[in-house]
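Predicted model only: the values in this text are computed from it and were never measured. All chains are named by letter (A, B, ...) in the order of the sequence lines, taking the proteins before the strands, and each is independently numbered beginning at 1.
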Amino acid sequence: MEHDFIDRYSRIDSFMSRLDPRVKIVGLAALMVCIVSTAPAALPAFAVYGAIILVLTRLSGIPAAVILKRMLVAAPFILMIVLFIPFFRGETVVLSRTFGSVTFSVTREGLILFWGVCVKAFLSLLSVILLTATTDFPTLLKAIEKLGCPKVLVMVLSFMYRYIFVIQDEFMMMRQAKDARSVGGSRLFHWRALAGMVGVLFVRSYERAEAVYLAMCSRGFDGNVRTFHPFRVTVADAAFFLTLAVSLSCVKVLGALYG
Amino acid sequence: MAEKVVEIKKLYYAYPDGTKALSGLDLDVFRGETLGIIGANGAGKSTLLLHLNGILRNGASDAVKVLGRDMTDKNIPFIRSRVGLVFQDPENQLFMPTVFDDVAFGPINMGMKEGDVRRAVEEALKEVDLPGFAGRSPHHLSVGEKKRAAIATVLSMKPDILVLDEPSSNLDPKHRRGLIDLLRRLPLTMIIATHDLPLLAETCSRICVMEEGRVEADGKTADILQNYPLLEDYDTGALLHISRRSTT
């Protein structure tokens, strides 16, 4: 079976996908830091961030629909957090409703905070999607390793990326084998069978891990996974980084002067 | 007489649960030959293969000698760089996120320089007919491609001896044909454990029949594959039927 959703768009050849991933990570991280450190009331600043992201999206060649779809995946989590913010205690009550003995009041401070969290989460999410959609996962891993992420963590992520689909296929095949013999039976019985499958999957993954380790030892593994980092900073990378840095500094300076 | 590259004397091995896998096995492999190993499931084929690069070791370090060296801690890095072991399931053999990283894994561990590693990877991928696959993820390959990529991961180490466990399992006829052609053109000493007798008939110069952890019979391919009483003993009539067809 083919699983392609992680890297589907990272093979589009565009300005963004050609950038050195380290420059991309540092640049977009800087953008996110600026976004989250801006006061909710600074509307022009958010407009500039939005414009930057829009331009980068155009440069990435990724269809807007794809980005929106990926946003939807994260949306419920953000919603869960922001839902109660308008009801925070504050000075000025904008709206108040009483249901029996419980009174809900929306405050002005709560609303401003609500807007701030929403717009920051939305823009940060867009930046992350832009990074992950234009960089394939193995390259991303090499870049974070090069930027100082602990090797063990990179190794774990790398094995996860390699084997999550293998395990998914195994589970799918087990489920098909179960369904092929499932004629009737109570719901409880099916849940029990499913629990058993999870157990089997764990044991199988454990055994596979041992087999993989043996295969690694056969090829001289000594506790360190070494790979090459074929990254080179080019003129395009420098231009991208400088433009981003100058725009963000301008926003920050102007914000400090007139904010 | 050609040089002995593998020398096994009275090799015993029992798994931790007590199952006896090898009981006094003797075997010599000579440079340049292709040796087939057949035997029923549980005869000890895979266990034997795991001894060839020291993944499994019994107490006596001189029971297995590779290229004249005993299987000691000091020699194991050298032996592992000379013996390329390809496991049956390519999912286990291909553990890195990209084909390039996987094929480069062995050479980098051997301490080769970056330029040499890149050249070795390129040559190995070309050898197995997968040029241009370097940037791909293993989970995007077909079964046949995975099998060949798995072979490339050890070819890049430029081994003297290539050891393959069930190389043709799960392959469709077309990919199996491609694999046989590949094995025939590799100029290495090879040890192939398989149930695929026609594959052995086409690739091997010599065949060993294993039973209960010992070598029961050892001889030229044609002699073994035409020894019907022996094969009947070793396995079912179906295999015999295939071997008859392929040797005539």
Side-chain angles (χ1 to χ4, degrees), chain A residues 1-8 10-11 13 17 135-145 154-170 173 204-232, chain B residues 46 49-50 52-56 76-115 117-118 121 134-143 146 150 153-154 156-157 159 163 165:
Chain A
M1 234 180 74
E2 295 236 332
H3 305 276
D4 208 14
F5 60 84
I6 287 188
D7 292 333
R8 191 173 301 161
S10 55
R11 278 183 285 275
D13 188 36
S17 62
T135 321
D136 61 47
F137 201 74
T139 312
L140 202 63
L141 287 182
K142 283 186 183 179
I144 60 171
E145 186 180 345
V154 175
M155 224 150 91
V156 169
L157 286 172
S158 148
F159 283 122
M160 183 204 77
Y161 171 74
R162 174 65 188 91
Y163 285 105
I164 194 162
F165 303 112
V166 175
I167 291 172
Q168 192 189 346
D169 281 353
E170 263 180 14
M173 281 187 279
R204 271 201 207 170
S205 305
Y206 186 84
E207 281 176 352
R208 183 182 292 283
E210 278 187 338
V212 169
Y213 176 68
L214 292 185
M216 292 172 77
C217 287
S218 291
R219 286 192 273 145
F221 178 64
D222 59 2
N224 273 312
V225 173
R226 301 178 194 85
T227 52
F228 292 139
H229 305 273
F231 302 144
R232 246 194 13 249
Chain B
S46 297
L49 299 192
L50 290 174
L52 294 176
N53 70 353
I55 290 288
L56 292 180
I76 274 188
F78 169 80
I79 289 173
R80 288 193 179 156
S81 71
R82 299 330 313 150
V83 179
L85 179 54
V86 181
F87 288 77
Q88 181 179 353
D89 186 350
E91 300 285 12
N92 297 343
Q93 181 89 20
L94 303 169
F95 45 76
M96 296 294 281
T98 67
V99 173
F100 177 88
D101 287 336
D102 227 309
V103 180
F105 186 86
I108 295 177
N109 283 335
M110 283 163 66
M112 277 161 79
K113 290 202 188 71
E114 178 160 348
V117 172
R118 289 189 184 282
V121 171
R136 300 271 289 271
S137 295
H139 68 257
H140 290 151
L141 305 182
S142 72
V143 180
K146 277 181 196 165
T153 62
V154 301
S156 62
M157 297 167 78
V163 181
D165 195 358

Participant: Looking only at non-hydrogen atoms, find the nearest pair between B:F87 and A:A215 and report the distance.
Facilitator: CE1-CA, 3.5 Å
Participant: What residue among A:F221, A:F159, A:Y213 forms side chain to side chain contact (heavy atoms under 4.5 Å, CB included) with B:F95?
Facilitator: A:F159
Participant: Classify the ring geometry of A:F165 against B:H139: parallel below 30°, tilted from 30° to 60°, perpendicular beyond 60°.
Facilitator: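 Tilted, since the angle between the ring planes falls between 30° and 60°.
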Participant: Taking every non-hydrogen pair under 4.5 Å, which of B:I55, B:V117, B:N53 racks up the most with chain A?
Facilitator: B:I55
Participant: Shortest non-hydrogen contact from B:D102 to A:R219?
Facilitator: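 Closest approach of B:D102 to A:R219: O-NH1, 2.8 Å.
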Participant: Using the test side chain to side chain donor-acceptor pair (under 3.5 Å), find all partners of A:R162 that sit at least two apart in sequence or belong to another chain.
Facilitator: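 In terms of side chain to side chain donor-acceptor pair (under 3.5 Å), with neighbours along the sequence ignored, A:R162 is linked to B:E91.
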Participant: What part of A:M216 gets within 4.5 angstrom of chain B, counting heavy atoms only: side chain, backbone, both, or neither?
Facilitator: both
Participant: Who wins among B:V86, B:I76, B:N109, B:L85 for the most heavy-atom pairs under 4.5 Å with chain A?
Facilitator: B:N109
Participant: Looking at OG of A:S218 and CG of B:N92, how far apart are the two atoms once the value is rounded to the nearest 0.5 Å?
Facilitator: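 With rounding to 0.5 Å, OG (A:S218) is 11.0 Å from CG (B:N92).
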Participant: Less than 4.5 Å to any heavy atom of chain A: does that hold for the side chain of B:L94, its backbone, both, or neither?
Facilitator: both
Participant: Would you call A:F137 and B:S137 a side-chain contact if the rule is heavy atoms closer than 4.5 Å?
Facilitator: no
Participant: Between chain A and each of B:P138, B:A104, B:P77, B:P159, count heavy-atom pairs under 4.5 Å; write down the option with the most.
Facilitator: B:P138
Participant: Of the listed residues (B:T153, B:T98, B:V154), which shares the most heavy-atom pairs with chain A below a 4.5 Å separation?
Facilitator: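 The residue among B:T153, B:T98, B:V154 with the greatest pair count is B:T153.
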Participant: Can you confirm whether A:T227 sits close enough to B:F100 that some side-chain heavy atom of one is under 4.5 Å from a side-chain heavy atom of the other?
Facilitator: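 Answer no - side chains too far apart.
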Participant: In terms of heavy-atom proximity below 4.5 Å to chain A, should B:M157 be classed as side chain, backbone, both, or neither?
Facilitator: side chain
Participant: Inspect the contact between B:R80 and A:D222 and indicate whether a charged nitrogen and a carboxylate oxygen are less than 4.0 angstrom apart.
Facilitator: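 No.
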